[in-house]
Structure formats: C-alpha cells, structure tokens
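Here's the structure, in structure tokens; my notes come after.
This is a predicted model, so every value here is computed, not measured.
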Amino acid sequence: MDKHILQQLYEIYGREILLYLYSICGSYYMAEDLLQETFVKALLSLSAQHSNMRAWLYLVARNLCLNEVKREKRSLSFVEEGAAGKEKLSDFRDGILEGLIQKEDHRILYRAMARLPSIKREILLQQYFNGMSLREIAKILQISPENARVLSCRAKKELKNYLKEEGYEVS
C-alpha cells in the first residue's frame with residue numbers, strides 16, 4: 001500500500017477509530033496501542049483496491065480490541081484469584097470513566113449505554129458518534145444490514161425504557 005494513502009487514512013479515520021476503540025476497551029492507552037496496531041496491519045495487508053477501507057479498518061480495530069480485552073480478562077482472573085482485595089480492572093475502568101465524564105447528561109447516557117448488550121452498544125456508537133450507515137456497521141460486525149437495523153431499533157427502545165425507569169423525561 002502507498003505510504004501516502006495510509007497517511008491520509010490515518011488523518012481521516014484515526015481519531016474516530018481511536019474513540020471507537022476507547023469505547024470498547026475503556027482504556028485510552030490500550031486504544032492508542034490498538035490504533036497503531038490497526039494501521040500497521042493496514043500497512044502490511046490492505047490493498048489500495050479495497051472497496052471500503054473505512055469499514056475494513058474498523059473491522060480490524062474491533063477484532064484486535066476484542067482479542068485484547070479477552071486476553072486481559074483471562075490474565076485478570078488469574079491475578080484476582082491470587083490477590084484478594086485488589087481492585088478489579090472493571091472497577092478501575094469505571095472510576096476513570098466517571099472522572100472523565102463531567103456532565104450529568106453524559107453520565108446518564110453512559111450508564112444507559114453500558115446496560116446494553118455489546119453488539120447493540122457498538123451499533124449505536126458507530127451510528128451516532130461515528131456517523132456510519134447501517135450497511136457499513138453491518139459489514140464491520142459481520143451481520144446483515146437488516147439485522148443491524150433491527151438491533152439498532154431495539155437498542156434505542158431499550159435505552160428509552162431504561163431512562164424512563166430511572167425517572168428521566170424522554171421524548
């Protein structure tokens with residue numbers, strides 16, 4: 001792949017892929033590492049003729065992130081067995097996220113989104129924060145566009161119900 005094409009892809013999609021990775025793993029440093037790994041993979045294997053480079057980059061980033069999260073969960077469970085009383089990674093991550101999210105409306109939305117199953121959360125993140133179409137999201141998640149549409153509708157309904165249960169006014 002031409003170095004200039006890769007540089008342009010990084011400039012165009014680097015920030016949004018970083019935010020996407022951060023939303024999945026909850027660690028900014030891990031997200032940065034995975035972003036770099038994503039573009040290294042692109043440098044090594046992506047051809048310039050690829051039809052949708054954005055979707056391909058997201059797919060690579062997602063797979064790398066999910067593999068890393070699984071790897072960390074395995075090593076964390078091993079560490080937690082031998083170190084009772086130590087803070088869990090999820091507790092640590094939640095503490096960091098709570099510190100980063102300053103405004104109450106963002107906290108409410110974050111809590112509501114965190115309750116969603118991961119695939120529904122990913123669809124909404126891609127759709128509303130990254131501006132992706134359901135067709136692009138379906139390609140990344142390796143599901144049909146119709147399935148992505150249905151999951152998106154269900155996720156929005158679940159968010160609305162959760163917010164109503166918590167006493168927030170939803171229109």
Inset, instruction - Decide side-chain contact (heavy atoms from CB on, under 4.5 Å) for S152 and Q127; before the verdict, give the C-alpha distance in whole Å, the side-chain angles of both, and the deciding distance to 0.1 Å. - result: CA-CA 9 Å; S152 174; Q127 198 172 10; 2.7 Å; yes

Inset, instruction - Go through the structure and list residues passing side-chain contact (heavy atoms from CB on, under 4.5 Å) with I12, not counting sequence neighbours. - result: none

Inset, instruction - Under the side-chain contact (heavy atoms from CB on, under 4.5 Å) rule, collect the residues that match up with A138, sequence neighbours excluded. - result: I143, P145, A148

Inset, instruction - Would you check if Y58 and M132 make a side-chain contact, meaning some heavy-atom pair closer than 4.5 Å? - result: yes

Inset, instruction - Please tell me if the side chains of R62 and Y20 come closer than 4.5 Å, counting only heavy atoms from C-beta onward. - result: yes

Just how far is it from atom [atom1] of [X] to atom [atom2] of [Y], taken to the nearest 0.5 Å?
{"X": "Q7", "Y": "L9", "atom1": "CD", "atom2": "CG", "result": "10.5 Å"}
{"X": "N63", "Y": "E68", "atom1": "CG", "atom2": "CD", "result": "13.0 Å"}
{"X": "E122", "Y": "L66", "atom1": "CD", "atom2": "CG", "result": "6.0 Å"}
{"X": "R71", "Y": "N67", "atom1": "CZ", "atom2": "CG", "result": "6.5 Å"}
{"X": "I119", "Y": "L141", "atom1": "CD1", "atom2": "CG", "result": "5.0 Å"}

Legend entry - With E146 via salt bridge (Lys or Arg N to Asp or Glu O under 4.0 Å) - residues at least two apart: R149

Legend entry - Residues forming a salt bridge (Lys or Arg N to Asp or Glu O under 4.0 Å) with R54, sequence neighbours excluded: E16, E136

Who pairs with [X] by side chain to side chain donor-acceptor pair (under 3.5 Å), at least two apart in sequence or on another chain?
{"X": "S23", "answer": "none"}
{"X": "E32", "answer": "Y28"}
{"X": "R121", "answer": "none"}

Legend entry - Joint hydrophobic cluster, L19 plus F39, side-chain heavy atoms closer than 4.5 Å: no

Inset, instruction - Kindly work out whether a path of hydrophobic side-chain contacts (I/L/V/M/F/W/Y, heavy atoms less than 4.5 Å apart) joins L59 to L124. - result: no

For a quick test of reading the model, state the closest non-hydrogen atom pair linking [X] to [Y] and the distance between them.
{"X": "L35", "Y": "L21", "result": "N-CD1, 3.6 Å"}
{"X": "C65", "Y": "L34", "result": "CA-CD1, 3.6 Å"}
{"X": "K41", "Y": "V60", "result": "CD-CG1, 3.5 Å"}

Legend entry - ring-ring contact (aromatic ring centres under 6.0 Å, His included) against Y13, all qualifying residues, sequence neighbours excluded: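 Result, ring-ring contact (aromatic ring centres under 6.0 Å, His included) vs Y13: none returned.
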
Legend entry - I123: which of L116, I140, V150, L151 passes side-chain contact (heavy atoms from CB on, under 4.5 Å):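 Among the candidates, only L151 passes.
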
Only distances under 3.5 Å count here; give the side-chain donor-acceptor pairs of residues 153-167 to other protein atoms, sequence neighbours excluded, each with its distance to 0.1 Å.
residue : atom : partner : partner atom : Å
K156    : NZ   : Y128    : OH           : 3.1
E158    : OE2  : K120    : NZ           : 2.3
N161    : ND2  : K157    : O            : 3.4

